[in-house]
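Every heavy atom of this structure was used, including side-chain atoms; hydrogens, water molecules and symmetry mates were not. Each ligand, and each atom within it, is numbered from 1 in the order the structure gives.
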Amino acid sequence: MRNRTSRLSGFYKLGRDERLAEVQAVSGLDEAGVEALKNSSALPFELLDRLVENAIGGFTVPVGIATNMIVDGRDVLIPMATEESSVIAAVGNTARQCRDTGGFTTSISGTEMIAQIQMVKLTDPWAARAKILEKKAEIADICNGCDPLLVKLGGGFRDLEVRIVDGQTGPMVVVHIIVDTKDAMGANAVNTMAEKLAPNLAAWTGGKHHLRILSNLADRRVARARAVWRAADIGGAEVVEGIVLAADFADSDPYRAATHNKGIMNGVSALTLATGNDTRAIEAGAHAFAARTGRYRSLSRYEITAGGDLAGSIEIPMALGLVGGATKVHPTAQACLKILGVGSAAELSRIAAAVGLAQNFGALKALATVGIQQGHMTLHAQNVAIAVGAAGDEIAEVARRLAETHTVRQDVAEQILAEIRGRK
Ligand code: MEV
């Protein structure tokens, strides 16, 4: 092992084996680790290397199918990429329980993205704002000129907003260009437009342009979903009331809202990843949207219908694309999109909102009744059993006995495994 250093000059120029040898030399990684990385992906290394810099391997996350979903009258198979057990099963179970009421009904506010241009060093921000608003037609031309293909596809510049934001360094003028990016997530399109436009803004106002970047608070791309669960199908009036109380807790308390919304994102992010979309963009948008009133709140709502059933609904920004980035080049993402059978990014986004609601209902129902551990523990126990070296039939037995003890811990699993092996 060489001295541990992270200064690996020219690393990017090396081939995969050479990179692994370098990493091994400075990190002390053993042969088994090197082999694990070499065999870590079924994708050709050239593709991995094209997707990210300095690639040394892949990281396989399971993809599973959530069954039973009906979205806007259509049966849809939901591919979900996640490392967390219970997530996929929960969506399927939840969706089954609202099939009789028609499943999920969805809509979306649009497919518009916002790019921001920060203007600084302006002594007269309000006058600058007025000057920029006067140039709307010219701004539209500059933006559309950056992406004639998008315009041809029916997208392009839609609107202009100019805000005065009071920062600690003084007021700044923040220009929003609003662009319909159609089936693209749109980051590249709007970032290019913002960079092109910025010098013009500086020339018109006498200020200085600074940052030029999209906003992940995609509040012009809000997907909505709703569903009704009949009281009789989910355990009665007590369960309905229990879920409403749980939802009220989340909407009233940020500590609970964070976990509640994390549960929603278990489903949304798994579908996002399966389709090769940017999970961090979706997460950032969701959490910022949840805090849009100035207090971090729940993304979903639950009410009791006139007939005593449970009506759930969700609103969540959903900047998902069908074209561009990993979505287009990753064969698994392409396969997942085929499974979904979606014709547009808007349709994908609406399905994602439905998945978020399904996931959320599943978590709340468990939490409001038996608790989350019962379902989680069986699957978690299997993972712990595998982690301590159980193989074949041993896995199920170790997992069962672990779950029975209600202490799903590695040391307990080791003891059980030793006992089983001692018996043989
Ligand atoms: C776990 O990944 C997600 C939950 O914590 C969500 C929730 O509490 O609503 C179960």
Residues which pass side-chain contact (heavy atoms from CB on, under 4.5 Å) with Arg230, listed by chain and number, not counting sequence neighbours: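 Listed in chain order: Asp100, Thr101, Asp233, Asp309.
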Restricting to side-chain contact (heavy atoms from CB on, under 4.5 Å), what partner residues turn up for Ile416, sequence neighbours left out?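 side-chain contact (heavy atoms from CB on, under 4.5 Å) list for Ile416, sorted by chain: Val398, Arg401, Leu402, Val412, Ile420.
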Could you tell me whether Arg256 and Asp251 have a side-chain N and a carboxylate O separated by less than 4.0 Å?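 No.
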With Arg212 via salt bridge (charged side-chain N to carboxylate O under 4.0 Å, His left out) - residues at least two apart: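 If we apply the salt bridge (charged side-chain N to carboxylate O under 4.0 Å, His left out) test to Arg212, skipping adjacent residues, there are no hits.
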Are Thr275 and Asn277 close enough that a side-chain donor and a side-chain acceptor fall under 3.5 Å? yes
Measuring from each atom of ligand 1, which residues have a heavy atom under 4.0 Å away?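 These residues qualify: Glu84, Arg256, Thr259, His260, Lys262, Gly263, Asn266, Ala363, Leu367, Ile372.
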Strictly distance-based, threshold 3.5 Å: is any side-chain N or O of Arg19 a donor or acceptor partner for the main-chain N or O of Leu14?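 Flag set: sc Arg19 to bb Leu14 pair under 3.5 Å.
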